[in-house]
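Heads up: numbering here begins at 1 and tracks the sequence.
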Amino acid sequence: MSEAHPAPSCASLRARFELPPLPLMAPTPDVSHVLLPLGGLVGREVDLDAFLQTLMDRIAVSMQADRGTLWLMDPARGDLFSRAAHLPEVSQIRVKRGQGVAGSVAESGLPVNMPDPRGESRFYADIDRMTGYRTTTNLAVPLRDTGGVLYGVLQVLNRRGGERFSDEDVARLMAIATQVSQALQRTSLYQELQRAKEQPQAPVGYFFNRIIGESESLKVIYRLIQKAAPTDATVLLRGESGCGKELFARAVHVNSPRRDKPFVKVDCAALPATLIENELFGHEKGAFTGADHRMPGKFESAEGGTVFIDEIGELPLPVQGKLLRVLQDREFERVGGTQTLKMDVRIVAATNRDLARMVAEGKFREDLYYRIKVVEVVLPPLRERGGDDIERLTRHFIASAARRHRLTPPRLSTAALERLKRYRWPGNVRELENCIESAVVLSEGEILEEHLPLPKVVDGGTMAAPAAGAAREPTAPETGEWLPLAEVEKRHILRVLDAVRGNRTAAAKTLRIGRNTLGRKLKEYGLGDEG
């Protein structure tokens with residue numbers, strides 16, 4: 001399908017993922033030992049496009065082929081499209097079922113080994129004319145899922161040395177296809193293909209490290225992360241609660257050279273202020289009552305990897321000073337210790353608070369603020385990502401919830417989808433996921449608007465009371481003026497507290513924030529210290 005030179009990204013991708021070199025095949029290969037080390041790549045959740053390209057590089061080397069192509073079935077159009085290929089001349093090629101070698105395999109479900117394409121009715125010469133490549137030998141086999149359903153084709157071209165692909169090559173590629181299919185079925189790409197098969201009219205989701213969405217605001221963030229990830233720069237993720245800050249933090253880690261080292265999370269909002277320092281830095285034996293042995297902290301546990309400090313705005317001022325030292329000098333002491341420890345970790349921090357305002361109010365150290373915002377990434381709330389992203393996420397959550405609860409995925413009615421798109425989603429992606437899980441469990445074959453645990457629109461444009469634990473959709477008051485965000489948040493928190501009869505633990509759980517965060521907010525409202 002293209003001229004005899006390797007894809008330009010092959011060497012860089014192999015170096016990036018630190019893949020060991022593959023030996024050339026023996027003259028009589030034992031296909032039971034065809035091993036492709038794909039599990040590590042899948043587990044790292046690396047950028048899907050890079051993973052697939054690396055996969056095709058390895059297959060071409062293993063088969064001693066000049067080029068390789070991964071074809072997938074398009075559920076909406078019923079044809080095949082090239083999803084990963086050595087095609088420097090064109091970005092993508094499509095063929096119909098029965099068209100060309102790949103199309104013939106898709107139609108018959110049988111492998112095709114074509115030693116000479118001349119005079120072959122199954123050979124689609126237009127592709128060679130399109131790319132300027134000369135195909136001499138051609139081998140393609142079907143990709144099937146665990147249920148035996150064909151969903152793609154694996155193809156290699158032009159065995160090197162001018163030789164033909166043998167029967168042993170066919171067996172080898174069939175064995176490789178089985179392993180490839182097992183790997184692909186563990187990715188978000190396969191899940192999206194399955195969803196699209198049932199709902200071909202819906203937009204296809206874009207996946208970046210298991211993050212779903214392709215709004216323009218997200219694409220900007222993907223590019224930022226791809227630039228920042230290979231470095232050791234400290235990253236600050238800002239955004240509302242529930243917009244996926246931890247997923248983006250993991251994307252930074254798994255696309256970095258530290259991907260094989262630990263990713264350790266510290267949630268400052270979930271820990272009492274007195275324990276955060278101990279959690280981060282560990283303690284020495286005898287540092288306090290009950291400290292009967294030395295305990296390493298998160299920084300030691302993450303040596304060589306990444307520490308994700310979630311809700312860094314909740315960090316007490318004394319601990320902020322120790323963290324600043326870590327960022328500046330890469331050293332610290334355990335609680336109760338005198339020995340200075342050196343460390344090698346990358347820090348990714350996240351917050352839903354306005355740190356600049358906290359600096360002005362003396363609640364956050366200015367020097368620490370500038371140390372952590374080396375690369376600042378502001379995540380958009382779900383309501384700003386557009387209806388297509390809401391639909392992509394919704395259909396993904398339907399499939400996930402149905403699988404988790406061992407149910408048949410229900411259809412999504414037009415009215416329910418429109419209601420989801422109109423809603424403001426104050427709880428962002430987390431709220432949408434919980435909403436869809438509830439609807440999947442309660443529906444009977446189709447998700448209707450009534451199955452959505454959202455506030456109902458009644459006469460006059462106001463909202464009826466939502467179900468327990470559901471967030472209210474903000475509406476304009478009778479004056480026509482919108483309330484400030486802080487006031488909306490305050491009223492919502494007080495309504496939830498009233499609903500749970502003042503139980504702060506239950507309120508924090510309903511609001512999906514830490515109990516310390518709730519206590520701090522109540523103190524800001526003049527309602528006393530956390531009790």
Side-chain angles (χ1 to χ4, degrees), residues 42-52 72 74-76 81 83-84 184-226 229 237 239-255 350 377-404 409-412 416-421 423-440 447 452 512:
V42 176
R44 291 173 189 164
E45 304 175 26
V46 296
D47 178 13
L48 186 59
D49 289 329
F51 163 68
L52 293 176
L72 295 176
D74 185 334
F81 63 97
R83 185 60 178 82
L184 287 178
Q185 289 175 78
R186 293 159 55 194
T187 68
S188 51
L189 172 62
Y190 177 77
Q191 297 172 16
E192 180 66 9
L193 288 173
Q194 295 304 104
R195 194 279 305 155
K197 186 186 300 182
E198 299 173 0
Q199 299 156 332
Q201 76 285 355
V204 176
Y206 178 89
F207 291 85
F208 175 84
N209 299 277
R210 297 193 179 182
I211 301 166
I212 300 174
E214 54 179 316
S215 61
E216 289 306 314
S217 56
L218 278 191
K219 288 180 180 178
V220 170
I221 293 171
Y222 297 155
R223 290 193 290 270
L224 278 175
I225 289 177
Q226 287 171 326
L237 301 167
E240 297 177 7
S241 294
C243 62
K245 291 188 285 292
E246 184 175 350
L247 275 178
F248 284 94
R250 287 185 181 275
V252 172
H253 173 71
V254 300
N255 287 284
V377 179
V378 181
L379 305 183
L382 181 56
R383 60 184 170 274
E384 295 180 4
R385 289 171 51 181
D388 280 352
D389 268 11
I390 290 174
E391 182 174 355
R392 291 182 181 98
L393 286 161
T394 295
R395 296 189 186 279
H396 173 73
F397 290 145
I398 288 173
S400 298
R403 185 168 54 253
R404 185 163 56 252
R411 296 184 301 277
L412 179 65
L417 177 59
E418 289 306 311
R419 179 74 182 94
L420 292 169
K421 290 182 177 181
Y423 185 56
R424 298 275 301 168
W425 299 110
N428 291 295
V429 178
R430 185 186 298 124
E431 183 186 5
L432 173 62
E433 181 176 13
N434 292 337
C435 170
I436 297 305
E437 182 172 12
S438 172
V440 167
I447 295 177
L452 304 175
R512 300 186 185 91

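For the atom pair CG (Leu379) and CD1 (Ile221), the distance works out to 5.0 Å, reported to the nearest 0.5 Å. Annotation: the span from Leu382 atom CG to Cys243 atom SG amounts to 9.5 Å, rounded to 0.5 Å. One finds the CZ atom of Arg419 at 14.5 Å from the CD1 atom of Ile447 (value rounded to the nearest 0.5 Å). Expressed to the nearest 0.5 Å, how far CZ of Arg395 lies from CG of Leu412 amounts to 5.0 Å. To the nearest 0.5 Å, atom CD1 of residue Ile225 and atom CG of residue Asn255 are 8.0 Å apart. For the atom pair NE2 (His396) and CD1 (Ile212), the distance works out to 3.5 Å, reported to the nearest 0.5 Å.
Of all heavy-atom pairs between Cys435 and Leu452, the closest is SG-CD2, 4.1 Å. Between Ile398 and Pro409, the shortest heavy-atom contact is CG2-CB, 4.4 Å. For the pair Ala251 and Ile211, the tightest heavy-atom approach, listed with the atom from each and the gap, is CB-CD1, 4.4 Å.
The side chain to side chain donor-acceptor pair (under 3.5 Å) test with Tyr423 is passed by exactly one of Glu418, Arg383, Glu431: Glu431.
No donor-acceptor distance shorter than 3.5 angstrom exists from the side chain of Trp425 to the backbone of Pro381, with no hydrogens or angles considered. The closest donor-acceptor contact from the side chain of Asp389 to the backbone of Glu214 lies under 3.5 Å. Put simply, the side chain of Lys245 gets close to the backbone of Gly239: a donor and an acceptor are under 3.5 Å apart.
Val377 has its side chain out of reach of Phe248: every pair of non-hydrogen atoms, C-beta onward, lies at least 4.5 Å apart. Residues Leu52 and Leu184 have side chains in contact (heavy-atom distance under 4.5 Å, counting atoms from C-beta outward). Contact of the Asp388 side chain with the Ser215 side chain is not registered, since no non-hydrogen atoms from C-beta on lie closer than 4.5 Å.
Note on Lys219 versus Glu216: salt bridge recorded, some NZ/NE/NH1/NH2 to OD/OE distance being below 4.0 Å.
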Report task. Test side chain to side chain contact (heavy atoms under 4.5 Å, CB included) on Arg385 and Leu393 and set out the steps. Result -> CA-CA 11 Å; Arg385 289 171 51 181; Leu393 286 161; 3.7 Å; yes
